[in-house]
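All values reported here derive from a predicted model rather than from experimental measurement.
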Amino acid sequence: RKEFVDLYVNYVFNESIRKPFEDFMQGFLRGCPARKWKMFLPVELQTVLEGHKKFDWRLLEKNVTYVQYGMLDRTIRNFWTVFHKLPEEKKKMFLAFLSGSDRIPGRGLEHFRFSIVDPQVEKPDELYPSANTCELILFLPR
């Protein structure tokens, strides 16, 4: 029985995925050559590829630039008051809405910058907030 279990476990975790894994590794190495990523420790490579999982939300607030807004505008103050009261999971959902990912890129939060823009529409109450994920812009109507 032990030999059967050992062979079965080996098949499930190694043999059955060998070809798909080799295909994945070949594609991965084509886009990210081994000589480039061997300089990283495994945990560093994971951060580069996945992004950061821990956040300093106050630093995020400090990195924002405002267009047609000032830091002290009521809309901005209300936005940050509500944002900081959100549970962690909702803050990550906002990050995904803004950037397309619920993680901060490998360079770190101190380099993550986004803009909050007033779309300047006649009836701001009829417009929902929207985002340009490529440019990291949050369009926040007054």
With clusters defined by side-chain heavy atoms of hydrophobic residues (ILVMFWY) lying less than 4.5 Å apart, directly or transitively, does [Y] cluster with [X]?
{"X": "Leu136", "Y": "Tyr66", "result": "yes"}
{"X": "Leu86", "Y": "Leu140", "result": "yes"}
{"X": "Ile76", "Y": "Phe97", "result": "yes"}
{"X": "Phe79", "Y": "Ile137", "result": "no"}
{"X": "Phe55", "Y": "Met93", "result": "no"}

- request: Scan residues 116-142 for pairs that pass salt bridge (charged side-chain N to carboxylate O under 4.0 Å, His left out), counting only residues two or more places apart or in two chains.
  value: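 Passing the test, one end in residues 116-142: Asp73-Arg142, Asp118-Arg142.
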message: Just to verify, what does Tyr69 make a ring pair (Phe, Tyr, Trp, His ring centres under 6.0 Å) with, not counting sequence neighbours?
response: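 None.
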query: Would you say Arg113's side chain and Asn63's backbone share a donor-acceptor pair under 3.5 angstrom?
result: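 Side chain of Arg113 to backbone of Asn63: no pair is present.
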- request: Test Pro119 against every option in Pro124, Pro141, Ser130, Pro129 by the side chain to side chain contact (heavy atoms under 4.5 Å, CB included) rule and name the one that passes.
  value: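 Of the listed options, the one satisfying the test is Pro141.
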query: Per the side chain to side chain contact (heavy atoms under 4.5 Å, CB included) rule, which among Asn132, Val117, Ile116 passes with Leu138?
result: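 That would be Ile116; it is the only one of Asn132, Val117, Ile116 passing the side chain to side chain contact (heavy atoms under 4.5 Å, CB included) with Leu138.
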- request: Show your reasoning for whether side chain to side chain contact (heavy atoms under 4.5 Å, CB included) applies to Leu95 and Lys91.
  value: CA-CA 6 Å; Leu95 195 57; Lys91 289 176 183 175; over 6 Å; no
List, one per line, each side-chain donor-acceptor pair under 3.5 Å for residues 21-30, sequence neighbours excluded.
| unit_1 | atom_1 | unit_2 | atom_2 | d |
| --- | --- | --- | --- | --- |
| Asp23 | OD1 | Lys19 | NZ | 2.8 |
| Asp23 | OD2 | Lys19 | NZ | 3.4 |

field: More than 12 heavy atoms from other groups under 6.0 Å of OH on Tyr11
entry: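 Atom OH in Tyr11 is not crowded, with 12 or fewer foreign heavy atoms closer than 6.0 Å.
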Glu88 atom CD: more than 12 heavy-atom contacts under 6.0 Å: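 More than 12 within 6.0 Å, yes.
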Option from Phe83, Phe112, Phe94, Trp80 for which ring-ring contact (aromatic ring centres under 6.0 Å, His included) with Trp57 holds: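 Of the listed residues Phe83, Phe112, Phe94, Trp80, the ring-ring contact (aromatic ring centres under 6.0 Å, His included) partner of Trp57 is Phe83.
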